[in-house]
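See structure below.
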Amino acid sequence: MNTQRKALCLILCLPLLSVLLSGCWDDRELNELGVTSGSAYDWENDQWKATYQVINPSSGASGMGGSGGGSTSSPPFVTFTVKGRTIMEAIERTNLTSTREMFFSHSRITVIGESLAKHGINQLIDMFLRKQDARETVYVFISKGEAGDILDQLMQLTKNQGAGIQLMIEQESRLLSYYPGTRLFELAMSLASESGSAVLPEILLTGPDIMDETSETGRTDLPSRLALGRLGVIKGEKFVGWLSQKQAFGLSFMTDHIETATIAFASQPRKSDKLDASFILQNSTTAVHPVWAKDHFIMDIDIKGSGVLTELGSVMDLNDRNAISQMEESLEQQVVDLVNNSWMEVKKLGADVTGFAVRVHRSDRKRWKQIEKEKSWDSVFKEIEIRPRVSFQIERTGLSNKSFKSVQQE
């Protein structure tokens, strides 16, 4: 009887043990995979045109840094361009031209061409959120021309171009704050929010030629480089326009996306409007309060910050408190102008990239319910008025209380 019971227990346990041993059911060898570091998507002749940048494992030490034992002449990555009626159909077609299966878990960036942005990007977002090895944490960019051209361009000082572009946007967001880096899940959240709008940084080539030969990376001054440009505005799922770099900077103040920023300003605005001084804004916060006045909303935008004076080109004595106050006023006016200029363009585009809808929803639920019922946010948004108020403090003025110009004149 005991022997029979033991045999029965063993038979029951075997299926459970097989569950524990099934962790490697989809294992693949590394030399069978094409590890992508970036992807780009365009819309051409009613088809998806996808370009994938795949890391070349046979690339060794070249003039672009890094080390390895492979060929020094082979490029650090190769690109595949394929077309399909759906994105997945295009991805599968890479297997017709590649010896390796595409693997997307290490992708750093994705670039959307303007042609696709005008067609609509919802299907692309859906694919990223649904596909098992696609990363929703990739940084998303928009390109005015062919998005695939961006992935062909080599970069100096880095072998992995996808990682290089990721570092560019992270560094920009940390040091300049002109525009925030937008990850795919943030793009999806913004488009699905009450505002229904989002922004994407533009990535562009500074020259007419694409630098795609490794021999060209030995030059000290490249004829063409990758650079961050304007800010693309998406409403619903489609591209509606651009914001210039200054307008994007003003939007960063409105949406509280400033980490550190350098602001050029006139040190003596009552005498001259020449921008002859620089200020590094080290701390900044923005608070937005919607107020309903008669028949429209007014947004009170309070921006506060502090930082350091780093450059001074006029004759001034910084021991004088009035001189400091004068510079603070000039700085504050500079930011007010940036915000007003940005708001005028955003209002013209009619895309709520400011997130005002979310603020209204949180602060005035009863009125928002009515707006939602009438689907009238677009018309309400166009009537919004803003009241920006800026308060900055110059906390430190550096190692000298006098400008060098003052010392020279003494």
Side-chain angles (χ1 to χ4, degrees), residues 168-180 201-202 204 206 221 225 227-231 242-286 301-346 386-410:
M168 274 173 63
I169 190 65
E170 287 178 346
Q171 179 175 280
E172 188 284 328
S173 300
R174 193 177 72 252
L175 300 178
L176 299 178
S177 304
Y178 286 161
Y179 18 68
E202 179 193 20
L204 52 88
T206 56
D221 186 16
R225 294 174 186 272
L228 297 169
R230 297 165 292 176
L231 198 59
W242 297 100
L243 296 180
S244 69
Q245 209 168 68
K246 274 188 176 180
Q247 290 160 349
F249 197 24
L251 183 65
S252 289
F253 276 106
M254 274 196 279
T255 52
D256 199 18
H257 277 118
I258 299 288
E259 278 201 42
T260 307
T262 299
I263 304 171
F265 65 102
S267 60
Q268 294 176 317
R270 292 168 196 168
K271 293 182 181 176
S272 165
D273 57 359
K274 182 185 173 187
L275 304 182
D276 58 356
S278 294
F279 170 76
I280 293 184
L281 182 62
Q282 295 177 319
N283 301 293
S284 174
T285 57
T286 301
I301 303 173
D302 294 308
I303 301 167
K304 293 181 180 176
S306 60
V308 187
L309 182 73
T310 54
E311 182 183 353
L312 187 57
S314 61
V315 178
M316 291 189 81
D317 182 358
L318 300 179
N319 289 313
D320 182 3
R321 181 59 211 172
N322 287 331
I324 300 289
S325 300
Q326 196 177 328
M327 286 195 288
E328 287 172 345
E329 284 173 20
S330 177
L331 269 168
E332 290 162 0
Q333 188 57 47
Q334 191 84 356
V335 174
V336 167
D337 292 344
L338 280 171
V339 169
N340 282 330
N341 181 253
S342 176
W343 170 241
M344 281 174 66
E345 190 61 28
V346 168
I386 64 167
R387 280 193 303 224
R389 291 189 287 257
V390 182
S391 174
F392 282 167
Q393 278 191 328
I394 297 175
E395 289 185 333
R396 298 188 299 281
T397 56
L399 297 176
S400 173
N401 284 329
K402 289 184 179 180
S403 66
F404 184 68
K405 203 169 182 178
S406 304
V407 175
Q408 267 188 322
Q409 289 186 1
E410 284 177 357

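We number each residue from 1, following the sequence as shown.
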Side chain to side chain contact (heavy atoms under 4.5 Å, CB included) against [X], all qualifying residues, sequence neighbours excluded:
X: E259; value: R174, S177
X: T255; value: L251, H257
X: Q334; value: I263, L275
X: S272; value: K274

Considering residues at least two apart in sequence or located in another chain, which fulfil the side-chain hydrogen bond (donor to acceptor under 3.5 Å, both in side chains) criterion with N319?
->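 In terms of side-chain hydrogen bond (donor to acceptor under 3.5 Å, both in side chains), with neighbours along the sequence ignored, N319 is linked to D317, N401.
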Residues which pass side-chain hydrogen bond (donor to acceptor under 3.5 Å, both in side chains) with T286, listed by chain and number, not counting sequence neighbours =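 T286 satisfies side-chain hydrogen bond (donor to acceptor under 3.5 Å, both in side chains) with no residue once adjacent residues are dropped.
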Kindly write out the residues that satisfy salt bridge (charged side-chain N to carboxylate O under 4.0 Å, His left out) with [X], not counting sequence neighbours, or none if the list is empty.
X: R387; result: D300
X: E329; result: R270
X: E332; result: none

With W343 via ring pair (Phe, Tyr, Trp, His ring centres under 6.0 Å) - residues at least two apart |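 For W343, the residues satisfying ring pair (Phe, Tyr, Trp, His ring centres under 6.0 Å) (neighbours in sequence not counted) are F356, F381.
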List in chain and number order the residues that pass ring pair (Phe, Tyr, Trp, His ring centres under 6.0 Å) with Y178, two or more places apart in sequence or in another chain; answer none if no residue qualifies.
->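 Scan of Y178 (ring pair (Phe, Tyr, Trp, His ring centres under 6.0 Å), adjacent residues dropped) gives F249.
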Passes salt bridge (charged side-chain N to carboxylate O under 4.0 Å, His left out), E345 versus K246? Steps please.
-> CA-CA 11 Å; E345 190 61 28; K246 274 188 176 180; over 6 Å; no
Show me the donor-acceptor pairs within less than 3.5 Å that the side chains of residues 389-398 make with the rest of the protein, sequence neighbours left out.
residue : atom : partner : partner atom : Å
R389    : NE   : D302    : OD1          : 2.9
R389    : NH2  : D302    : OD1          : 3.4
R396    : NH2  : Q282    : OE1          : 3.3

Donor + acceptor pair across side chains of T310, S278 (<3.5 Å) =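 No, S278 and T310 have no side-chain donor paired with an acceptor closer than 3.5 Å.
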